[in-house]
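Encoded as structure tokens, the structure appears first; notes follow it.
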Amino acid sequence: MGGESPRGVRGWLLVYIFCSIPVLLFLSAGLSGWFLDYPIGLWLTIFLALASPLVLIVAGSTAAPRWNIAALWIAAISITVRIVHGLLSQRSQEGLPRLTGEELLDALPLLLGIVIFSLGWATVWTRYFRTSVRVGNTFGR
């Protein structure tokens, strides 16, 4: 290795950037559907807000790790709250009957999968940003 420490946006940082884009597109769609009927403008605004910390990584900003961790948890917690809200009260607020037990059991695996994935994604990448030598060397922690 020649004594050089890993530095720069390579390796897992690139994986994080490229894999985050589809994840954030999906979460943005789910969040925009919470407020209105999935309008493209709101979806795009939410996506850009959640994806803006990715630009900080590419720019080499020392604040990049903190902003990315914050965005990960904002997205994960928001989608969890959105799902719980949808299950518990959104239908009744729209004048629709509550989900039957059978409907709930049909929907629960997918919704629980989204929540577990979102929280897991945030957990894994938070740990990476806090412990990675490359992140420490690149962003100076």
Side-chain angles (χ1 to χ4, degrees), residues 1 3-141:
M1 284 214 177
E4 289 185 32
S5 298
R7 185 176 175 87
V9 180
R10 289 186 214 111
W12 286 108
L13 278 172
L14 283 176
V15 170
Y16 170 73
I17 290 169
F18 288 115
C19 292
S20 289
I21 292 170
V23 170
L24 293 176
L25 286 169
F26 176 80
L27 294 176
S28 299
L31 293 172
S32 70
W34 187 6
F35 304 106
L36 301 167
D37 195 22
Y38 302 100
I40 190 94
L42 181 58
W43 168 75
L44 188 57
T45 301
I46 293 171
F47 171 73
L48 291 174
L50 292 175
S52 60
L54 298 176
V55 175
L56 296 176
I57 290 175
V58 175
S61 170
T62 57
R66 286 188 310 277
W67 279 100
N68 277 273
I69 290 170
L72 286 165
W73 286 102
I74 288 168
I77 291 168
S78 296
I79 200 70
T80 301
V81 169
R82 190 255 192 268
I83 287 171
V84 170
H85 175 265
L87 289 174
L88 298 180
S89 64
Q90 187 171 355
R91 287 181 57 99
S92 63
Q93 290 175 352
E94 294 171 356
L96 300 171
R98 287 190 169 274
L99 292 175
T100 65
E102 187 175 310
E103 290 173 323
L104 185 59
L105 285 176
D106 286 343
L108 209 52
L110 175 64
L111 298 176
L112 194 56
I114 293 168
V115 168
I116 290 170
F117 175 81
S118 299
L119 294 172
W121 183 262
T123 300
V124 166
W125 289 109
T126 296
R127 182 175 170 136
Y128 173 75
F129 278 111
R130 289 186 174 161
T131 62
S132 167
V133 172
R134 179 175 298 279
V135 169
N137 291 340
T138 302
F139 302 106
R141 75 175 126 104

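Heads up: numbering here begins at 1 and tracks the sequence. The analysis underlying the following values was restricted to heavy atoms, covering all of them including side chains, and did not include hydrogens, waters or symmetry mates.
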Rounded to the nearest 0.5 Å, what's the gap from [atom1] on [X] to [atom2] on [Y]? Could you check?
{"X": "Leu50", "Y": "Ser20", "atom1": "CG", "atom2": "OG", "value": "10.5 Å"}
{"X": "Thr45", "Y": "Ile40", "atom1": "OG1", "atom2": "CD1", "value": "10.0 Å"}
{"X": "Phe47", "Y": "Leu25", "atom1": "CZ", "atom2": "CG", "value": "4.5 Å"}
{"X": "Ile46", "Y": "Ser78", "atom1": "CD1", "atom2": "OG", "value": "8.5 Å"}
{"X": "Ile114", "Y": "Thr80", "atom1": "CD1", "atom2": "OG1", "value": "10.0 Å"}
{"X": "Leu13", "Y": "Phe139", "atom1": "CG", "atom2": "CZ", "value": "5.5 Å"}

Please list, one pair per line, the donor and acceptor atoms closer than 3.5 Å that link side chains of residues 56-66 to other protein atoms, with sequence neighbours excluded.
{"unit_1": "Ser61", "atom_1": "OG", "unit_2": "Ala63", "atom_2": "N", "d": "3.2"}

Which pair of non-hydrogen atoms, one from [X] and one from [Y], has the smallest distance, and what is that distance?
{"X": "Ser52", "Y": "Ala49", "answer": "OG-O, 2.9 Å"}
{"X": "Leu27", "Y": "Ser118", "answer": "CD2-OG, 3.6 Å"}
{"X": "Pro6", "Y": "Asn137", "answer": "O-ND2, 3.0 Å"}
{"X": "Ser28", "Y": "Trp43", "answer": "C-CD1, 3.3 Å"}
{"X": "Asn68", "Y": "Pro53", "answer": "ND2-O, 2.9 Å"}

Trp121 atom CH2: more than 12 heavy-atom contacts under 6.0 Å
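For Trp121, atom CH2 is crowded (more than 12 foreign heavy atoms under 6.0 Å).
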Go through the structure and list residues passing ring-ring contact (aromatic ring centres under 6.0 Å, His included) with Tyr16, not counting sequence neighbours.
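Once residues adjacent in sequence are excluded, the partners of Tyr16 under the ring-ring contact (aromatic ring centres under 6.0 Å, His included) criterion are Trp125, Phe129.
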Under the ring-ring contact (aromatic ring centres under 6.0 Å, His included) rule, collect the residues that match up with Phe26, sequence neighbours excluded.
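If we apply the ring-ring contact (aromatic ring centres under 6.0 Å, His included) test to Phe26, skipping adjacent residues, there are no hits.
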Whether the side chain of Ser32 engages the backbone of Ala29 through a donor-acceptor N/O pair (distance < 3.5 Å, no angle test) should be reported.
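Yes; at least one donor-acceptor contact below 3.5 Å.
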Do any pairs count as a ring pair (Phe, Tyr, Trp, His ring centres under 6.0 Å) and have a residue in residues 48-68, sequence neighbours left out, and if so which ones?
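Pairs touching residues 48-68 that pass the test: none.
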Taking only residues two or more places apart in sequence, or in another chain, which ones meet Leu48 in a side-chain contact (heavy atoms from CB on, under 4.5 Å)?
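By the side-chain contact (heavy atoms from CB on, under 4.5 Å) rule, Leu48 matches Leu44.
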For residues Leu31 and Ile79, determine if any side-chain heavy atom of one lies less than 4.5 Å from a side-chain heavy atom of the other.
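In contact.
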Partners of Thr126 by side chain to side chain donor-acceptor pair (under 3.5 Å), sequence neighbours excluded?
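Thr126 satisfies side chain to side chain donor-acceptor pair (under 3.5 Å) with Trp73 once adjacent residues are dropped.
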